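Below is one structure, written out as structure tokens; the observations come after it.
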Amino acid sequence: MATGPPHPTDALRIRVHGEDMVPAASAATAAAAEALGLAVDDADRLGRAVDVTCRQALAAGFDDPATAELDVEVRTGAAGVAVRISDEGLPFTLRTESDVAARVAAATTGADDVPLVEHVRVDRRDEGTSIELQVRPDPSVLDHLAAADAVGTDPVDDDADVTCRELRQEDCESLARCVWRVYRYTYVADYLYHPARVWSLVEQGWLRSWVALDASGEVVGHIGLILDEPNTRVADASLALTDPRYRHHRVMEQLGGLMYAAVADLALVGTFAEAVTAHTITQRGMVESGGVETGILLGFIPATMSYRGILEDLGGNRQSAVLGYHAVRPAPPRRVALPERYADELRGVYERGALDRTEIAPAPAAAGATTTLHLDIDRPRRLTTIVVDTAGDDVVDLVDRHRRELCAAGMELVCAELPLGDPGAAAAVDGLVERGFFYGGVIPELRDGDVLRLQYLDVDVDPTVLHLYSDEAERLLAYTLADRA
């Protein structure tokens with residue numbers, strides 16, 4: 001049985017001794033990135049990002065940047081090319097932590113006004129800071145999409161058959177054309193437009209993928225599992241899409257059945273999905289396959305993502321999603337601290353999902369206990385997730401200060417993920433709600449236990465444009481809106 005994806009592969013590792021050696025590290029990074037397939041201009045921009053980030057890390061973490069040390073690693077993995085910069089200095093200050101993504105974006109934005117670095121992850125530790133810069137795929141290498149619109153979007157005959165099977169390498173260009181027909185170049189998982197990258201993810205074990213084919217062998221539907229952490233217990237099953245011509249042909253039902261039959265070969269206890277609300281197709285597939293809806297994520301999808309033939313003009317609103325969990329096999333018993341505010345709601349999720357949970361009382365962290373967390377900053381989506389690993393007595397202030405800095409830097413949605421196995425995290429919920437966070441949902445078994453997702457919206461979202469499949473989703477929307485009020 002598969003145990004999850006491999007760790008990212010280190011292509012180059014450099015120890016930087018002092019600020020004077022930063023230009024050498026920048027040049028070496030650019031050379032390595034070019035060797036890994038980046039265009040020369042993009043490799044140079046990545047080198048500039050490393051220069052900016054190294055100098056910022058040295059200035060923030062050390063009294064004397066001239067004698068300080070840090071490590072620079074050029075890596076390949078599920079995110080494609082990435083650079084990790086690690087030091088053992090003081091953890092970043094909040095302002096520096098929140099500002100690093102903006103500085104990197106400014107250093108790597110090209111003539112297309114799009115930053116090269118797609119995601120920035122800042123991991124704040126007691127012994128220092130780790131920053132990962134993930135490179136955006138090159139959108140100019142899209143010649144294989146030229147024929148994507150030739151077939152149009154008119155519905156096919158009702159009796160048109162499809163064949164469903166696991167993705168093969170020869171399907172990857174056709175998959176890219178299918179994604180284009182559905183979203184143009186607006187899909188948030190934009191690596192699906194790049195055949196070589198998709199197949200690399202499959203070969204490395206980060207992605208399991210299934211496709212629906214028409215009579216000519218063209219891809220007309222897709223569903224996939226993202227395995228984004230080694231030894232993960234739950235996979236993200238959000239990569240579901242159907243060619244506009246084949247809507248209402250139950251393509252997703254067939255693909256979902258194939259996927260859930262195959263996941264028995266993986267070391268998973270379940271999957272989770274963030275099903276779009278511009279239509280109900282993926283919600284229906286999630287519910288009818290046995291999934292449990294656990295929350296409504298308001299404004300989770302950027303306003304830039306459009307759907308061919310379905311609400312292509314959403315009036316500039318961020319779009320929402322239904323969070324769901326699908327059990328593949330029984331999850332292990334867990335002890336969970338349920339925040340009083342959401343205790344009944346979470347008990348309902350556990351009952352519907354047949355999850356064995358024993359409740360323990362929330363309890364504030366001991367005085368002086370340290371909060372550990374990291375940020376996943378997604379600038380294109382204007383979305384940041386603050387992942388709390390352990391909750392100290394400063395967790396409310398720390399998360400809220402991050403939230404304020406991030407919103408000031410242009411983030412429109414900030415999520416906070418709290419481990420329900422930590423009594424201190426549960427005790428912090430009321431304080432976070434007072435600062436403007438509200439219920440998002442729960443993902444069982446996400447990180448060696450259940451995770452409560454809270455959300456903070458810094459923009460308006462119109463809840464009347466949501467298309468919801470089930471009565472339970474309608475109830476969850478009302479619950480979420482009331483909690484936000």
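This is a predicted model, so every value here is computed, not measured.
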TODO: Check for a donor-acceptor pair, side chain of S209 on one end and backbone N or O of G224 on the other, with a separation under 3.5 Å.
DONE: no
- [ ] Please lay out, stage by stage, how H402 and E405 fare under the test side-chain contact (heavy atoms from CB on, under 4.5 Å).
- [x] CA-CA 5 Å; H402 273 297; E405 295 285 351; 5.9 Å; no
Task: Pairwise distance OG(S320) to CD(Q455) - rounded to 0.5 angstrom - done: 8.0 Å
TODO: With side-chain contact (heavy atoms from CB on, under 4.5 Å) as the test, would you mind laying out the steps for V396 and E434 before giving the verdict?
DONE: CA-CA 10 Å; V396 173; E434 290 174 1; over 6 Å; no
Task: Flag, side chain of R382 to backbone of M411, donor-acceptor distance under 3.5 Å - done: no
Task: Non-hydrogen atoms of T282 and A275 that approach each other most closely - done: OG1-CB, 3.7 Å
Open item on the list: Does R84 form a side-chain contact (heavy atoms from CB on, under 4.5 Å) with Q134? I'd like the steps, not just the answer.
Closed with: CA-CA 9 Å; R84 182 181 292 253; Q134 297 178 1; over 6 Å; no
Task: Partners meeting salt bridge (charged side-chain N to carboxylate O under 4.0 Å, His left out) with D344 (sequence neighbours left out) - done: R347
- [ ] Please list, chain by chain and in numerical order, all residues satisfying salt bridge (charged side-chain N to carboxylate O under 4.0 Å, His left out) with R435, sequence neighbours excluded.
- [x] D397, D400
Task: pair I296-V322: side-chain heavy atoms closer than 4.5 Å - done: yes
TODO: Show the numbers, then the answer: is there a salt bridge (charged side-chain N to carboxylate O under 4.0 Å, His left out) between R341 and D483?
DONE: CA-CA 9 Å; R341 184 181 188 90; D483 195 49; 2.7 Å; yes
Task: Full working for salt bridge (charged side-chain N to carboxylate O under 4.0 Å, His left out) between E293 and R352 - done: CA-CA 9 Å; E293 297 144 309; R352 294 193 303 276; over 6 Å; no
Open item on the list: Would you compute the distance between atom CG of L225 and atom CG of L268 and round it to the nearest 0.5 angstrom?
Closed with: 7.0 Å
- [ ] Evaluate the salt bridge (charged side-chain N to carboxylate O under 4.0 Å, His left out) criterion for residues D376 and R121: first the C-alpha distance (whole Å), next the side-chain angles of each, then the deciding distance (0.1 Å), finally the verdict.
- [x] CA-CA 5 Å; D376 188 354; R121 173 178 168 136; 5.8 Å; no
Task: D171 to V219 - nearest heavy-atom pair and separation - done: O-CG2, 3.9 Å
Open item on the list: Would you say that L418 contacts F437 through its side chain, given a criterion of any heavy-atom pair below 4.5 Å between the two side chains?
Closed with: no
Open item on the list: To the nearest 0.5 Å, what is the distance between CG on L298 and CG on L477?
Closed with: 6.5 Å
- [ ] Using a cut-off of 6.0 Å, state whether more than 12 heavy atoms not belonging to E351 lie near its atom CD.
- [x] no
Task: From CA spacing to verdict: side-chain contact (heavy atoms from CB on, under 4.5 Å), V251, T242 - done: CA-CA 7 Å; V251 170; T242 302; 4.1 Å; yes
- [ ] State whether the number of non-hydrogen atoms from other residues, nucleotides or ligands found under 6.0 Å of R245 atom CZ is greater than 12.
- [x] yes
TODO: Measure the SG-NE2 distance between C172 and H194 for me, rounded to the nearest 0.5 Å.
DONE: 12.5 Å
- [ ] In plain terms, say whether E359 and R334 are close enough for a salt bridge, that is, a side-chain N and a carboxylate O under 4.0 Å apart.
- [x] no
Task: Member of D458, L457, I386 meeting the side-chain contact (heavy atoms from CB on, under 4.5 Å) criterion with V414 - done: I386
TODO: Give the intermediate values and the outcome of salt bridge (charged side-chain N to carboxylate O under 4.0 Å, His left out) for residues E253 and R284.
DONE: CA-CA 9 Å; E253 178 182 321; R284 183 184 68 197; 5.7 Å; no
Task: Polar side-chain atom of D393 near backbone of G368 as donor-acceptor pair, under 3.5 Å - done: yes
Task: Minimum heavy-atom distance between L192 and L241, given as atom pair plus value - done: CD1-CD2, 4.4 Å
Task: Sub-4.5 Å side-chain heavy-atom contact between L373 and L398 - done: yes
Open item on the list: Within a 6.0 Å radius of atom CD on E474, are there more than 12 heavy atoms belonging to other residues, nucleotides or ligands?
Closed with: yes
Task: Y325 and F272: CA distance, side-chain angles, deciding distance, ring pair (Phe, Tyr, Trp, His ring centres under 6.0 Å) verdict - done: CA-CA 4 Å; Y325 174 77; F272 72 94; 8.6 Å; no
Open item on the list: Using side-chain hydrogen bond (donor to acceptor under 3.5 Å, both in side chains), reason through T372 and T390 one step at a time and then give a plain yes or no.
Closed with: CA-CA 5 Å; T372 59; T390 57; 2.6 Å; yes
- [ ] Under the salt bridge (charged side-chain N to carboxylate O under 4.0 Å, His left out) rule, collect the residues that match up with R357, sequence neighbours excluded.
- [x] E445, D450
TODO: Evaluate the side-chain proximity of H279 to H467: yes if any heavy-atom separation is below 4.5 Å, no if none is.
DONE: no
Open item on the list: Cation-pi check for F300 against R381: NZ or CZ below 6.0 Å from the six-membered ring centre and within 45 degrees of the axis, yes or no?
Closed with: yes
Task: Nearest heavy-atom neighbours spanning A391 and A425 - done: CB-N, 3.5 Å
Open item on the list: If you count heavy atoms of other groups shown closer than 6.0 angstrom to CG of D356, is the number above 12?
Closed with: yes
- [ ] May I ask you to establish whether R197 and Y191 are in a cation-pi arrangement, using a distance under 6.0 Å from NZ or CZ to the six-membered ring centre and at most 45° from the ring axis?
- [x] no
TODO: Taking all heavy atoms of G221 and all of L255, pick out the closest pair and write down the distance.
DONE: C-CD1, 3.6 Å
Task: Flag, side chain of H249 to backbone of D157, donor-acceptor distance under 3.5 Å - done: yes
Task: Main-chain N/O of L476 paired to T480 side chain as donor or acceptor, under 3.5 Å - done: yes
Open item on the list: Could you check whether any side-chain N or O of T280 sits under 3.5 Å from a backbone N or O of Y469, counting only pairs where one atom can act as donor and the other as acceptor?
Closed with: no
Task: Gap separating the CD1 atom of I301 from the OH atom of Y187, nearest 0.5 angstrom - done: 8.5 Å
Open item on the list: So V162 and Q254, do their side chains get closer than 4.5 Å, heavy atoms only?
Closed with: yes
TODO: Measure the spacing between CG of D389 and CD of E417 and express it to the nearest 0.5 Å.
DONE: 10.5 Å
Open item on the list: Testing the basics here: between P339 and L420, what is the closest heavy-atom pair and its distance to 0.1 Å?
Closed with: CD-CD2, 4.0 Å
TODO: Please say whether more than 12 non-hydrogen atoms of neighbouring residues, nucleotides or ligands are located less than 6.0 Å from CZ in R335.
DONE: no
Open item on the list: Quick check: do L239 and H222 have side-chain heavy atoms less than 4.5 Å from each other?
Closed with: yes
- [ ] Find out whether Y183 and V188 are in side-chain contact, i.e. whether some heavy atom of one side chain is under 4.5 Å from a heavy atom of the other.
- [x] no
Task: Pairwise side-chain contact, V276 with Q283, heavy-atom cut-off 4.5 Å (strictly under) - done: no
- [ ] Apply ring pair (Phe, Tyr, Trp, His ring centres under 6.0 Å) to the pair Y439 and Y342, showing each step before the final yes or no.
- [x] CA-CA 8 Å; Y439 182 78; Y342 304 132; 5.1 Å; yes
